[in-house]
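Everything numeric here is computed off the predicted structure, so don't read it as measured data. Basis for what follows: all heavy atoms, side chains included, without hydrogens, waters or symmetry-related copies.
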Amino acid sequence: MSPVIEISGLRKAFRSLRQGRRVAVDGFDMRVEAGQVHGFLGPNGSGKTTTLRALLGLVRADAGEMTVLGARAPAELPRVAGRVGAIVESPQFFGNFTGYRTLRLLALAGGVPTDRVDRALELVGLRDRGDERVRGYSLGMRQRLAVASALLKDPELLILDEPANGLDPAGIREMRDLTRSLAETGVTVLVSSHILAEIQLICDHVTIISAGRRVAAGRVDDVLAGFDRHEFRVRVAEPERAAELLRAAGLPVGAYPDHLVVGGSGDPELIARTLGEQGLWVHELTPLRPDLESVFLELTGGPAHPAVPRQVDDAQAGDRVIELEATGAEDSGRVDA
Amino acid sequence: MRLVRAELERLGSRRFVQLMLVLLVLAFGVTAATTLASSHRPSAAEVQNARAEAARQIRALEQEYDRCVAARQGRVTPDEFGMDQYPTSCADLDPGRIERLPVTTDYLSGVFVFANEAKGLLYFLIAFLVLFGFLVGASYIGADLNSGGVVNLLLWRPRRLTVLAAKLGTLLGAVLVVSVAASLLYLGAFWLIAQVAGLPGTLDGDFWQALAALHARGLVLVGLAAALGFALATLGRHTAAALGTVAAYAVVWELGARLVMEIVGVRRVDQWMLSSHIGAWLTGRIELWDPALCDANGCRGMYVLTSGSALLVLGGLTGALCLAAFATFRRRDLI
């Protein structure tokens, strides 16, 4: 099956008189299959928005191949534009227009029946505010309007760049539910975000970009599994003695003020038995699963130093590249570290 | 076509466009109201007196011509009429050859005469519409580029040249329709004022033909101004870029460069100024004077700019800027 989005070797550099040449994306690859809810993660300035803009024909790539719904981008985009809904980085609207008029004009320009406007406003929770001028909208409401504009087309592919920007917690949850419900109807969703927990909750696949290069890609579970150190958090009454016993059993132990982190075994029974045989009863034995945040920070460089805020260009791409490619019906994890 | 409809609605919904239309109506209203208030329908006696005055002035012209001819033919003594007070050729004083003889309406005080005032009114209207076209053209695309509206549109219609061409076409069409409608309303209102509180004057075929020609040239100028504002704002990505360019041109070129060229003795300085070509286009031709054209043998120092050459300059410049705007927009990164 051909992918809905395929990017290969994308390269883009921006030039300015003051800053000279700055490489935004450098040999980036991405593949999004039909029906996926695909997360696109990366630190600020890592090239996410540039990639999406290049994909949508808004910036000219210096090199690379891109296809969207089988059409080469940007040359053949007009052929499939009606099937792709997209918002890119907090779109702006004329403050003087109402939300309804904004969508109506887009629908008119795009040849979409204008009676879809009400439904799109309803979907994003702006039904009762559609007659108000956009100037009076909050940032979150503008973001919803942007999503509504993408939904107007009834798209097969939805590209959302930071859709949760400016939304309050309730709004983020609504956006999550909306994304899920769209995915359930078969819409392929590519969502870029830096809210990692959000991506973990709604996405089944993920691509992580850092300093313009892909540093991980694949099913979310597989990417996380690649970073699973098989560690357990252990709470016992006598942690110092417990640590000695576990070390004696050949298990690496990290001691923290109120708990131990035991690695190496991946076998909770071995830990419980080692301690139990010496009369130490385990209060807690929890597997420590990596989350996207820890994976993301590890792949993209993380804070350089606790006292020194990490700079935009600090991320070291290429230090470690995780690729978990889908092959056939089942995703088989392949780790190139 | 759908794109043009959407753009037309977008253009019509712009607050700035609406504001400019209100200003246009206000300017009309104020001009019409003051004209109406300061004009009256002349009484028979006023007309009689004016007619007599016009006849007197024509007679005076004829007498002056006769004196000139007599002086040149030596039929009068030099001390009676000084030869040097007449031009070399008396033809310049021939009443039959001067452009316009005095008419009755010239001597009616406080009476609005449409035939006398229409041209001036139309010049004022054209000036306003040129400003309207330029500002609307610049702000229409400038605000769209600056606000991300163009990006939104390109996500729906990813054909850059089509989108920009639709915008320019819509702009020119809308500005021309507004201009024609405004001209008809404007001149119609003053014609009506002349009917009820003034005099229409001599509205013959020549009058209407001249007025229509001026109007047509004015419309072309309005279109060029709109396209110029659009092109400059597209190139500069902002409405202010267009306004700044025009302000900079006026100060740097029309004032500064003119001064420098005059100091270094460049000939025909005025022909390098767009303002001269605008004047030549609107009036059909302008005669300009440059003393640098004269040598020891003397000359009148006059040269002419015609409407044809003016259109070439104004149209060529606007066309080149539009082409540059399209070429730039086609390749530009929209970030």
Side-chain angles (χ1 to χ4, degrees), chain A residues 12-15 24 49-50 52-62 68 71 73-82 84-98 101-112 114 133-135 142 145-146 149-150 152-153 155 159, chain B residues 1-22 136 139-171 174 236-239 327-335:
Chain A
K12 174 66 186 175
F14 293 103
R15 294 166 187 83
T49 297
T50 300
L52 295 183
R53 284 181 183 274
L55 189 67
L56 294 166
L58 300 176
V59 303
R60 294 173 69 87
D62 296 331
V68 180
E76 296 173 357
L77 271 182
R79 188 160 62 80
V80 295
V84 181
I87 61 167
V88 185
E89 208 180 39
S90 301
Q92 301 293 308
F93 300 99
F94 277 123
N96 189 37
F97 289 1
T98 64
R101 168 166 269 179
T102 300
L103 295 189
R104 187 177 172 280
L105 288 175
L106 283 175
L108 201 57
V112 166
T114 50
R133 293 185 194 280
V134 174
R135 180 179 293 122
R142 289 177 195 218
L145 185 63
S149 73
L152 263 183
K153 294 180 190 174
I159 299 175
Chain B
M1 204 56 211
R2 286 190 306 257
L3 186 57
V4 171
R5 268 181 61 205
E7 286 304 311
L8 199 57
E9 190 172 334
R10 187 191 303 273
L11 181 64
S13 307
R14 297 288 312 284
R15 182 67 66 87
F16 183 76
V17 175
Q18 292 167 352
L19 178 70
M20 288 299 288
L21 287 173
V22 168
V136 168
S139 76
Y140 174 46
I141 186 68
D144 237 9
L145 285 168
N146 196 41
S147 71
V150 166
V151 168
N152 283 346
L153 194 53
L154 286 173
L155 292 176
W156 284 72
R157 296 289 291 258
R159 295 178 191 272
R160 292 190 181 200
L161 296 186
T162 305
V163 165
L164 200 64
K167 281 184 175 291
L168 179 58
T170 305
L171 169 76
R237 303 182 186 219
H238 206 288
T239 309
T328 307
F329 185 71
R330 182 172 170 268
R331 299 186 56 86
R332 174 181 290 166
D333 287 336
L334 296 169
I335 50 178

Inset, instruction - Would you mind checking which part of A/Arg53 comes under 4.5 Å of any heavy atom in chain B, side chain (CB onward), backbone (N, CA, C, O), both or neither? - result: side chain
Inset, instruction - Counting only heavy atoms closer than 4.5 Å, note whether B/Asp144 contacts chain A via side chain, backbone, both or neither. - result: both
Legend entry - Donor on one side chain, acceptor on other, B/Arg157 and B/Thr162, under 3.5 Å: no
Inset, instruction - Among the options A/Lys12, A/Lys153, A/Arg104, pick out the one with the most heavy-atom pairs lying under 4.5 Å from chain B. - result: A/Lys153
Legend entry - Contacting moiety of B/Ala143, where chain A heavy atoms sit under 4.5 Å: both
Inset, instruction - Give a yes-or-no answer on whether the side chains of A/Arg133 and A/Asn96 include a donor-acceptor pair shorter than 3.5 Å. - result: yes
Inset, instruction - Kindly indicate whether the side chain of A/Thr102, heavy atoms from C-beta on, has any atom under 4.5 Å from the side chain of A/Ser149. - result: no
Inset, instruction - Mind listing the closest non-hydrogen atom pair of A/Leu55 and A/Ala73 along with its distance? - result: O-CB, 3.5 Å
Legend entry - Side-chain touch B/Arg10/B/Thr170, heavy atoms, less than 4.5 angstrom: no
Inset, instruction - Could you tell me which of A/Thr49, A/Thr50, A/Leu152 has the largest number of non-hydrogen atom pairs under 4.5 Å with chain B? - result: A/Leu152
Inset, instruction - Heavy-atom pairs under 4.5 Å with chain B are the metric here; pick the option from A/Ala54, A/Pro78, A/Gly110, A/Ala81 that has the most. - result: A/Pro78
Legend entry - Best-contacting candidate, A/Leu77, A/Leu106, A/Leu56, A/Val112, against chain B by heavy atom pairs under 4.5 angstrom: A/Leu106
Inset, instruction - Could you check B/Arg14, B/His238, B/Met20 and say which one makes a side-chain contact (heavy atoms from CB on, under 4.5 Å) with B/Ser139? - result: B/Arg14
Legend entry - Heavy-atom pair count under 4.5 Å with chain B, highest-scoring of A/Gly57, A/Gly111, A/Ala86: A/Gly111
